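Notes follow once the structure below has been shown.
None of the values given here were measured: they were computed from a predicted structure.
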Number of protein chains: 2
Amino acid sequence: MARRTTLQLAVLQPGDPTSLTRQLSDALRRAILVGQLRPNTRLPSTRALAGELGVSRNTVLDAYAQLASEGYFSARTGSGTFVTTSLPEHSLDRLDAAARRPPARGIAPPALSTRGAAMAAAPLSVSDGRIRAFSPGIPALEQGNLDMWNRTRSWHQRHTTVELLNYNDPAGHRALREAIAAYVGPMRGVVCTAEQVIVTAGTQQALDLAVRMLVDPGESAWLEDPGYPGARAVLAAAGVTIVPAPVDEDGMCVQEAQRRAPRARLAYVSPSHQYPLGYTMSVTRRLQLLEWAEASHAWILEDDYDSEFRYGGRPLPALQALDRTGRVLYLGTFSKVLFPSLRIGYVIVPATLTPVFRNASSVAWHGANAIDQAALADFIRDGHFERHIRRMRRRYQERRAWLVDLIHDRLRDDLTLAGSTAGLHVTACFVRRRDDVEVSRRGAAEGLTLPPLSQYYIQNPRLAGLVLGYGHLGHDAIRAGVDTLAAILRDVTLRRSTRR
Amino acid sequence: MARRTTLQLAVLQPGDPTSLTRQLSDALRRAILVGQLRPNTRLPSTRALAGELGVSRNTVLDAYAQLASEGYFSARTGSGTFVTTSLPEHSLDRLDAAARRPPARGIAPPALSTRGAAMAAAPLSVSDGRIRAFSPGIPALEQGNLDMWNRTRSWHQRHTTVELLNYNDPAGHRALREAIAAYVGPMRGVVCTAEQVIVTAGTQQALDLAVRMLVDPGESAWLEDPGYPGARAVLAAAGVTIVPAPVDEDGMCVQEAQRRAPRARLAYVSPSHQYPLGYTMSVTRRLQLLEWAEASHAWILEDDYDSEFRYGGRPLPALQALDRTGRVLYLGTFSKVLFPSLRIGYVIVPATLTPVFRNASSVAWHGANAIDQAALADFIRDGHFERHIRRMRRRYQERRAWLVDLIHDRLRDDLTLAGSTAGLHVTACFVRRRDDVEVSRRGAAEGLTLPPLSQYYIQNPRLAGLVLGYGHLGHDAIRAGVDTLAAILRDVTLRRSTRR
C-alpha cells in the first residue's frame, strides 16, 4: 500500500531554473537518504508541489526526472510518482537509527601507522601562492612571461585526442620522455634513453618514489648538512636513518660521510648547486662519491633542481654523466624553469631500474596529466623551452646582480654571500653573531619570508644566515625588501646589545 | 698560456638559424664536458668557424654568446674567446679518465628495498591510450563530449594569476576543495567541510597515501575478493598482509572477514558498486562494517569510483554518511566523470586526519596542477559538471542497454550478468565451465580487451567470466565486439570439446 506524505522541504533560494531544479532534487534526495521520505511513498503531483513551493512546474518535472534517472523515484502509470521500493524497509529503519545516533565525541580515533606518524611530523611547507620577498626557489611568474607556454597549452586543450584523454603510460607520455632525454643530453651531459626518463609530479614525488624503492626502514642514507628539507622529510617518512654529511666549498664531504656510515644505502646530493649553500661539488668529490657507491653497492640521488640558471663559474657535467655502473638517479624539475604549479618533474634512472620504476609509478599514482605532458613535449621540441630559459637566465642574472650590489652597498658589515653565481637564491651568512630565527620571525611580521640558514642544518648549525630568493622579484621589490631587512638587522643587533 | 685547437665538431644538420645555433652550442658544450675542449683553449674566430662549417656568422656569434652566458666561454678583449679557466685542470684530467673508462658490464646493480621489490612486482597496468572493446573503467571520450571542459580549462590557461602559478597548498586548491565538499553532500550524503577534502592525483595515489598513513608493514587489511587490483597492489607494496574478504550479492561478507582477521587495521570496500562484481553493499553489512571498525579501532577506505552513474536499483548513502566516529576515508575520482588523464581525485578524511593528510601530501608530492584545479572548481560551481554527468548518464544507460540486449540475444547460454545497473562495465559470468584466461588471450589476439574475472580473485576464483567495459564504446563498436566475443566463445568451447 502506498504511503502519502506532506513534504517538509527547506525553502528554496531564489535563482535561475537550473539552480532551482538542483536545489529541489538535492532536497528530495537528501530526504530519502536520511529516511524522511520512505520507500513506496507517493509524491505530490508536480503541479501541486510547484504551487506549494512557488516555482514553475517545469522545475519540479526536471527534479523528478533527475531522481527517476538516479533510481530514487519510480513512476507508475496512472497513479503518480513513488519513492522506489527497492530500498528494503527494515534496513532503512536501521539506517534511521544509525543516522539518529549523535556524532561520537571524545572517542579517540584509531592510530596512524609508524610511517604515517613520521609523514605527519614532517615540517609542513605550504605556500598560499602570494609573492613575497625573499621566498627561495620561486621563478619569475609575472604577466607575459609564460605567454608562449599558455598558447601551446591552450592549443593542446583544444586539440586533445582520445589517446591523450585516456589512461596513459604511468612512466610518462612518450613524446615528453623523448624530449627530456634529448634536452638533458647536450645541456647536462646526461646520457640516457627515453625509457630511462620517468615523469613525476615534481622533485618531491620523485624523491618519495625513489627512496621507497631503494631504501628500507632502518637503513641509512647520507644527506647534505645543511640540506634540502624536502629530501629530509622524505627520508624521515620512509623510516630511513639520516646520516648528516657536512658540506664545504667543494660540496658534500664524502670521506667524512664514509667515516660516519660506510654502509649507507643511498646518498642524496645537489652537486651542481648545493642547496642551500650554493657550492658546486668538485670533481674530486664527485669521483669519490661514485667510487664509494660502486664499491658499496649504494645508490646516489642527484638533485639538479636549477642548473639551467648558471651565470658563470665552474660548469661541470652531471654526476650521472660519470656513472659507469648504474648507481645514479638524476632528478630534474620544471618548477623552476617554467612554474611550480605545473607539478611536472622527472627522474632519470639507470637502465636496470627502468621497468621497476614504471611499475612503481603505476602503483603509486598512475602518471601526470597527459595533456600537460604532450604540450610540454611540443614546447621543448619546438625550441620555446630553450628560448624561455635564455630569457629567464638574463633576467635572473640581472636580479641577482641588483640584490648582490644592494647587499654589498648596504649590508656588507652584516652579510657575506656563499656559493656560486647560479640559481634563484643567494645564501647570506651573518658576519656577526645573530640569531637567524629571530631575524626570520621579525621579517615575517614585516611581510618578508626570510628562511633562517640554521634551520637547514640537521646537526648543530655551523652557520647562521638567511636564504634569499630573488628570481620572482622585480628590482623595486628587491630594494624594498633590502630596506626592511636592513632595518631588522639593525634593530636585532641593537636589542641584543641593549639586553647585555 | 692559451692553447689552440682544431675543433672536431660533428657535421651540423641543415635547418633554420635557431636550430643551427642550438646544434653548434650543444656540440661545443659537449666538447667541453667530455674534455675534448680544454680550459684556456682559444676558440676559432666566429668568421673562421662559420666559414669552416658553412653557416652564417650570426649562427656562430649566437652560439658563442650562449656558452658565454652559461659560463663555459669567456671573452678577452682583443685576443678572442677562450674556454673558461675556472674548471681546474687536474680535475679535468680525472674527468677525462673517468669518462674514458668503459661502461661497466656484468656488475650487478645494488638491490631494491623490500618495499621497492614489492612495488616492482605489482602487476603492471599500462594503457597505450587506444580505445578497445571492452576495456573496463573508461568513460566516453569521443569528440565534442568535453567541449565545455576544454573551454573552461582554456580560459583558465589564458587567465592564470601569479598565485595559481606559484607553489600551492599541497592538500589542494581551496576553491576546488569547497566545490567538492558542496558536490558530495547532496549527491552522496557525504558530510564534510572543505578542509576534510584532500585533492590527489586520482584514486591510485589516494590509496597509496592512505595505506601508508594508516597501516604498518606486517599489519593486516581486509580486501574484497574478488576486488580492485589497484588496491591490492598498493597494499602489497606497503608490506600489508592482505586478508581476502569474500563478496556476495550484499557486498563484502563482514562476519567472515571478522572471523579471518578480527584485528585488521583497515578494510578496503567499494560499497556503492562493488568492483568488479557490481553489487551494492546492503545496509546490514554497512552497519556491521562500521560497528567492527568502531569496536576494533580500524579504518575503512570507501572507494566510490563511479556512483555518479546509477541507472536504477537501490541507491544508498555513502558509508561515510553513517560514520559517527571518524573511521571512514571516502575516495572519489574525476577519471570516470570527466576523463582519466586529468589525474585528479580526492580523499575525504575524518576531521581528525585533516592536518595529518595535508602534511603527508606536502611530503609525498606537493599537490596537483593548480590551473587544472581552479578550472575544475569553476566547472563544478557553474553547474557544467552536473550537466555533463546527466548527459553522460543517459549515454551510458543506452550503451549498457545495448550491450545487455546483445548479450541476452546472442550469448544468453554462455554469459550471465552480475551486479546492479550502474557504472561503466558489466561483469559477465560464464554459464558453462570455461577458462576465462584463455578467452582473454584469444580476445587479445583479435584486438579485444577482455579482463578475466578469475584474475580479480585473491584466493581460489569462485567465478569465471569477463569484465566488460562499455562506457567508451559506440553502438557499432559494442556490436562488433560482441560478434568477435561470440566467435571466440564458440571456438573455445568447440576446441575444448574436441580435446576431450
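Proximity to chain B (any heavy atom under 4.5 Å) is restricted, for A/L353, to the side chain, taken from C-beta onward. At a 4.5 Å heavy-atom cutoff, the contact between A/T352 and chain B is made by side-chain atoms alone. Only the side chain of B/A237 comes within contact range of chain A, judged by heavy atoms closer than 4.5 Å. Residue B/L146 touches chain A through its side chain alone, counting heavy-atom pairs closer than 4.5 Å. For A/A368, the part lying near chain B is the backbone, with the side chain staying farther off; criterion is any non-hydrogen pair under 4.5 Å. Of the two parts of A/N166, the backbone and the side chain both hold a non-hydrogen atom closer than 4.5 Å to a non-hydrogen atom of chain B. Contacts of A/L209 with chain B are made by side-chain atoms alone, with heavy-atom separations under 4.5 Å and no backbone atom involved. The contact between A/P217 and chain B is made by backbone and side chain atoms together, counting heavy-atom distances below 4.5 Å. Both the backbone and the side chain of B/N369 have a heavy atom closer than 4.5 Å to some heavy atom of chain A. Of the two parts of B/R265, only the side chain, counted from C-beta on, holds a non-hydrogen atom closer than 4.5 Å to a non-hydrogen atom of chain A. For chain B, the nearby parts of A/A201 are the backbone and the side chain; heavy atoms of each come within less than 4.5 Å. Only the backbone of A/A298 has a heavy atom closer than 4.5 Å to any heavy atom of chain B.
Checking side-chain atoms of B/Q373 against main-chain N and O of B/H173 turns up a donor-acceptor pair under 3.5 Å. Between the side chain of B/W299 and the backbone N or O of B/A293 there is no donor-acceptor pair closer than 3.5 Å. A donor-acceptor pair is defined here as one N or O able to donate and one able to accept, closer than 3.5 Å; such a pair exists between the side chain of A/R286 and the backbone of A/P317.
Ranking B/M119, B/R212, B/R151 against chain A, the residue ahead of the rest is B/R212, based on heavy-atom pairs under 4.5 Å. The residue among B/I138, B/L207, B/V234, B/N145 with the most heavy atom pairs within less than 4.5 Å of chain A is B/I138. Most heavy-atom pairs under 4.5 Å with chain A, from the set B/Q205, B/Q204, B/R174: that is B/Q204. For chain B, the option among A/V211, A/L164, A/L338, A/V162 with the highest count of heavy-atom pairs below 4.5 Å is A/V162. With chain B as the partner, the residue from A/A370, A/A206, A/G129 showing the most heavy-atom pairs under 4.5 Å is A/G129. Note: B/E386 leads B/Q143, B/E386, B/R158 in heavy-atom pairs under 4.5 Å with chain A. Counting heavy-atom pairs under 4.5 Å between each of B/G116, B/P340, B/P355, B/A121 and chain A puts B/P340 at the top. Among B/I371, B/D208, B/L165, B/V215, the residue making the largest number of heavy-atom pairs under 4.5 Å with chain A is B/L165. Among the candidates A/A210, A/A238, A/A171, the residue making the largest number of heavy-atom pairs closer than 4.5 Å to chain B is A/A238. Contact tally against chain B (heavy-atom pairs below 4.5 Å) for A/G367, A/G230, A/G202, A/G326: the top residue is A/G367.
The side-chain heavy atoms of A/R343 and B/Y167, taken from C-beta on, include a pair separated by under 4.5 Å. Within the 4.5 Å cutoff, side-chain heavy atoms of A/P110 are placed close to those of B/R327. Counting heavy atoms from C-beta outward, B/T160 and A/R153 have side chains that stay 4.5 Å or more apart. By the 4.5 Å heavy-atom criterion applied to side chains, A/D216 and B/R115 are counted as neighbours.
Of all non-hydrogen atoms in B/M213 and B/A360, the two that sit nearest each other are SD-CB, 3.4 Å. Between A/L214 and A/E219 the shortest heavy-atom distance is O-OE1, 4.4 Å. Taking both residues in full, the closest heavy atoms of B/D372 and B/I344 are given as CB-CD1, 3.8 Å, listed atom of the first, atom of the second, then distance.
In this structure, a donor-acceptor pair under 3.5 Å is absent between the side chains of B/R393 and B/Q397. With no hydrogens or angles considered, no side-chain donor-acceptor pair links B/S341 and A/N168 at under 3.5 Å.
Annotation: the span from B/T200 atom OG1 to A/W365 atom CH2 amounts to 11.5 Å, rounded to 0.5 Å.
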